[in-house]
Protein chains: 2
Amino acid sequence: MGLTKNEIFTDVQNEMALFSKVLGHPARVAILQHLFKINRCVCGDLVNEIGLAQPTISQHLKELKQVGLIKGSIEGTSVCYCIDSEKWSEMKLIVSEFLNQDLSKGKECC
Amino acid sequence: MGLTKNEIFTDVQNEMALFSKVLGHPARVAILQHLFKINRCVCGDLVNEIGLAQPTISQHLKELKQVGLIKGSIEGTSVCYCIDSEKWSEMKLIVSEFLNQDLSKGKECC
DNA sequence: ATCTTTAATCGTAATATTGCAATAAATAGA
DNA sequence: TCTATTTATTGCAATATTACGATTAAAGAT
């Protein structure tokens, strides 16, 4: 065990979980916020900004890139990262739909 | 290591990550969806509905309860669970604010 | 009182995550 | 070419997560 049984869930459930998971670490939240503020930045900026070691930041960037929320392009010796707004919108749609579920009105339960 | 350095992040970042983390597993997503559809249900229902073992479901319920998204009340020999709509709204606010960040218009970056 | 039903807890195995030091790779500049 | 500079990768240790069988606990039914 120790691994999630994705087979038994719907695609939407798995996708919702996947996006949520990547947002489930404050460093990745901070990276995304910084990217929104600055629009584009290199790994070193984030190391200074956030205060985790360079390999750690690099790893978080990799995870964000893997789900597609950011993209990076080589720029001399450094790598410029930024939000992939297309993917961001896609996520927004899925997450919003989930968040905006309504209780079947009335019965307040327990 | 192996544990997140929460000290170096803001409260909002940590809270955002905490909520996201709990949504970061399809079983918990499925539980919440089912609760929204049915309004109230007992652990056994979820075991049948989702198809994970009872202790596993119980554990996921515990995590959802810990962050406050659901509440449970004893009802005879079973436990009735439902969404805590107050906490849900709180989460919605935090997550929406994060999702609705805008790119500083213009410069499309990399 | 005993049995049944239901859920929580305990214990454990497998795997994933977080973080960093050390190292590698790749480009720019001297 | 040699040296910085910058980021990615590797390897590792500590901890967390996922899942479930076995057991416990608590309330209802007989």
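Both backbone and side-chain heavy atoms feed into the values below; hydrogens, waters and symmetry mates do not. Predicted model, so just to flag it, every value in this text is computed and none were measured. Letters A, B, ... mirror the listed sequences (proteins, then strands); counts begin at 1.
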Practice item. Would you check if A/S20 and B/K21 make a side-chain contact, meaning some heavy-atom pair closer than 4.5 Å? Key: no

Exercise for review: Answer whether the closest heavy-atom distance between the side chains of A/L32 and A/L23 falls below 4.5 Å.
Suggested key: yes

Review point. Touch check for A/S78, heavy atoms < 4.0 angstrom, all strands: base, sugar-phosphate only, or nothing?
Key: sugar-phosphate

Review point. If you find the nucleotide of DNA chain C closest to A/T77 and the one closest to A/G24, which residue's nucleotide is nearer the 5' end?
Key: A/G24

Return the value, rounded to whole Å, for the distance between atom [atom1] of [X] and atom [atom2] of [N].
| X | N | atom1 | atom2 | result |
| --- | --- | --- | --- | --- |
| A/K5 | D/dA19 | NZ | P | 7 Å |
| B/E7 | C/dG19 | CD | C1' | 12 Å |
| B/F9 | C/dG19 | CZ | P | 6 Å |
| A/Q59 | D/dA13 | CD | P | 16 Å |

Strictly below 4.0 Å: does [X] bring a side-chain N or O up to OP1 or OP2 of [N]?
| X | N | result |
| --- | --- | --- |
| A/Y81 | D/dT6 | no |
| B/S58 | C/dA8 | yes |
| A/H60 | C/dG19 | yes |
| A/K21 | C/dT17 | yes |

Check your understanding: Applying the 4.5 Å side-chain criterion to the ILVMFWY set and letting contacts propagate, would B/L99 and B/M16 be lumped into a single cluster?
Key -> yes

Review point. How long is the span from the CG atom in B/L69 to the OG atom in B/S85, to the nearest 0.5 Å?
Key: 11.0 Å

Check your understanding: Say you draw a straight line from CZ of B/F9 to CD1 of A/I50; how long is it, rounded to the nearest 0.5 Å?
Key -> 6.0 Å

Could you pull out every donor-acceptor pair under 3.5 Å between side chains of residues 52-68 of chain B and any protein atom, sequence neighbours left out?
unit_1 : atom_1 : unit_2 : atom_2 : d
B/H60  : ND1    : B/R28  : NH1    : 2.9
B/E63  : OE1    : B/R28  : NH1    : 3.2

Study note, to complete from the structure: Of A/T4 and B/G76, the one whose nearest nucleotide on DNA chain D sits closer to the 5' end is A/T4

Exercise for review: Give me the residues of residues 61-68 of chain A where at least one heavy atom lies under 4.0 Å from an atom of DNA chain D, by number, or none.
Suggested key: none

Review point. Does any residue of residues 45-57 of chain B have a heavy atom under 4.0 Å from DNA chain D, and if so, which ones, in number order?
Key: B/L52, B/A53, B/P55, B/T56

Practice item. Could you walk me through whether B/R40 and B/E75 pass salt bridge (Lys or Arg N to Asp or Glu O under 4.0 Å), step by step? Key: CA-CA 12 Å; B/R40 48 167 26 246; B/E75 198 157 284; 3.3 Å; yes

Check your understanding: So, A/E97 side chain and A/I94 main chain: donor-acceptor pair closer than 3.5 Å or not?
Key -> no

Practice item. Measure the acute angle between the ring planes of B/F36 and B/W88, then classify it against the limits of 30° and 60° as parallel, tilted or perpendicular. Key: perpendicular

